[in-house]
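So that the names make sense, note that chain A is the first sequence line, chain B the second, and so on, each numbered from 1. Reckoned from all heavy atoms, side chains included, excluding hydrogens, waters and symmetry mates.
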Number of protein chains: 2
Amino acid sequence: MPDFNSIGGTVRARAANELRDRVLTGRLQPGTRLDLDEITREFGISRTPVREALLELSYEGLVTVTPRSGITVLGITPEDAVDNFAVLATLSGKAAEWAATRITKAELDQLHVTADAVATAEDVVAANWRFHRAVNLASGSRRLLIYLRQAVRAVPASYFELFPEQVRRSHADHATLLDAIDRGDATAARSLAESHVLDAGAALGDWLRLHKS
Amino acid sequence: MPDFNSIGGTVRARAANELRDRVLTGRLQPGTRLDLDEITREFGISRTPVREALLELSYEGLVTVTPRSGITVLGITPEDAVDNFAVLATLSGKAAEWAATRITKAELDQLHVTADAVATAEDVVAANWRFHRAVNLASGSRRLLIYLRQAVRAVPASYFELFPEQVRRSHADHATLLDAIDRGDATAARSLAESHVLDAGAALGDWLRLHKS
DNA sequence: ATGTAATATCTGATATGCCAGATTTCAACT
DNA sequence: AGTTGAAATCTGGCATATCAGATATTACAT
């Protein structure tokens, strides 16, 4: 159990992260009724931050908050997780499309550096992350970034444990995507990015099928 | 000013709607610092629901809440609005794609009825709304619906005042989209839905350019 | 004058108490 | 036994007070 009173950030944010993780990993099963006061006691904090954390999760579609009635875990089924990854793929495609036309010279140079770093990085997952983030940022769309962030948050954290394999396998994808952005080929960039992320989603699907008890 | 204590729904939800509308219509300009207590006084409610409403807006990217420092309006520029519509178009495309393959017989029948209703409806905007909503629901993706809802919320309400024109003009689009779904042609459905919504976004762009003083 | 550190202040974050709508219980009635 | 409705209860919503981090101010030293 995390210590909600000594780490940085707001208490609400930490409660939200912890609860989100529990839902995404299935430790909180769909249909479970949540007791606000119980969470309050467990976390050793007051009701307000817990309540606000759960409201945040409700905006993300992970729980339902029925006014003066109760809070229920909606959860995320394996199908939901795959669906969510498909949406993430779609959004990533749009980001790459825009990046191809809107990217600045400076951003492009930096993107090349970031891409090269993936190959030699200690932490491949983190490096891969930075590459995709750089592409997304290059889209220059504040709105798109909002939706991307939310879609990423709904990916079960445990998936990333097997991600290194996936990252290495998809190394060539990055090169072709970067090339498309270099050429300013928006259509190709979109299509490449979308199928690239979709592949990662398929890997998640395989993993979930293997792990369903 | 709305009466926050007599209408239905939670006080927080009404405060959020009012504040969101003010941001989207530009009555609250980007960069404006918000005073929690001032809003509290204006709305005649306490700080908790106002605070939670603003947190909600922060998740939508409309304001930034800096812990123990201040709340600032991020707002949505005309470019953001068009971008947002493009994202909405992308998501709608995905919804149509899935609908084409996943729709049930019953849903398909109902969709035809809903589509026909647009032509004869009193309130074309609402009827058009129901059609698109029906397509989105037919996608069968809970996750996608979450993102669609959020993208729709970021569309300036005032845009819908000129929407009847737009709806009538795009009537033929619905027919071809419905046909694609009938045939189970996912690729066509996606492409048609996306460009259809994109057209509406272009109309919004034109309108914004005309109205920028 | 300028940089710096102590302090006053400002602002949201959190804790707590009370309230009201929703739900359940249970008893009176048919 | 089935139905209805009133009361008890359960649950989150809202109000309010206090707290703590961030920021601005000011006084002091250089």
Chemist: Look at the side chain of A:R68 and decide which nucleotide, out of C:dT14, D:dC14, C:dT11, has an atom nearest to it.
Modeler: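 Within the option list, the nearest is D:dC14.
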Chemist: Calculate the interatomic distance between B:D37 atom CG and C:dG12 atom P; express it in whole Å.
Modeler: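 Taking atom P of C:dG12 as the reference, CG of B:D37 is at 7 Å.
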Chemist: Nearest-Å distance, CZ (A:R33) to C1' (C:dA22)?
Modeler: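 My rounded result for the distance is 10 Å.
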Chemist: Using a distance-only criterion (donor-acceptor N/O pair, under 3.5 Å, no hydrogens), is the base of C:dT16 paired with the side chain of A:T48?
Modeler: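 Such a pair exists between side chain and base.
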Chemist: Taking the side chain of A:S46 as its heavy atoms from C-beta onward, which of C:dC19, C:dT16, C:dG12 lies nearest to it?
Modeler: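 Comparing C:dC19, C:dT16, C:dG12 against the side chain of A:S46, the answer is C:dT16.
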Chemist: Can you tell me how far P of D:dC14 sits from CG of B:L54, to the nearest Å?
Modeler: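 So the CG-P distance, B:L54 to D:dC14, works out to 14 Å.
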Chemist: Taking 4.0 angstrom as the limit, do A:E42 and A:R22 come out as a salt bridge?
Modeler: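 Yes, A:E42 and A:R22 are salt-bridged.
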Chemist: Heavy atoms only, 4.0 Å cut-off, all strands: where does B:L34 land among base, sugar-phosphate and nothing?
Modeler: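 The residue B:L34 makes sugar-phosphate contact but no base contact.
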Chemist: Can you tell me if A:T32 uses its side chain to pair, donor with acceptor, with the backbone of A:L28 under 3.5 Å?
Modeler: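 Side chain of A:T32 to backbone of A:L28, a donor-acceptor pair under 3.5 Å: no, none is there.
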Chemist: Closer than 4.0 angstrom, basic N to acidic O: yes or no for A:R102 and B:D83?
Modeler: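 B:D83 and A:R102: salt-bridged.
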Chemist: A:R47 CZ to D:dA17 P: how many Å, rounded?
Modeler: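 Rounded to the whole Å, the gap is 18 Å.
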Chemist: Could you give the CG-to-P distance, from B:D35 to C:dC10, as a whole number of Å?
Modeler: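 Rounded to whole Å, this separation is 11 Å.
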Chemist: Would one find a side-chain N or O of B:S69 under 4.0 angstrom from OP1 or OP2 of D:dT23?
Modeler: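 Yes, because at least one side-chain N or O of B:S69 sits under 4.0 Å from OP1 or OP2 of D:dT23.
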Chemist: Could you check how far CG of A:L55 sits from C1' of D:dT11, rounded to whole Å?
Modeler: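 For the pair A:L55 CG and D:dT11 C1', the rounded distance is 14 Å.
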Chemist: What integer distance in Å separates B:I71:CD1 from C:dG12:P?
Modeler: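 In whole Å, C:dG12 P lies 4 Å from B:I71 CD1.
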Chemist: Mapping A:V65 and B:P67 to their closest nucleotides on DNA chain D, which lands nearer the 5' end?
Modeler: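 By nearest-heavy-atom nucleotide position, the 5'-most residue is A:V65.
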Chemist: From CZ of B:F43 over to C1' of D:dA15, roughly how many Å is that when rounded to an integer?
Modeler: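 Going from CZ in B:F43 over to C1' in D:dA15 covers 17 Å.
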Chemist: Using 4.0 Å as the upper bound for N to carboxylate O, is an ion pair formed by A:D109 and A:K105?
Modeler: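 Looking at A:K105 and A:D109, the cut-off is met.
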Chemist: I'd like to know if B:E194 pairs up with B:K94 as an ion pair, taking the criterion as any Lys NZ or Arg NE/NH1/NH2 lying under 4.0 Å from an Asp or Glu carboxylate oxygen.
Modeler: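 Between B:K94 and B:E194 there is no salt bridge, as every charged N stays at least 4.0 Å from the carboxylate O atoms.
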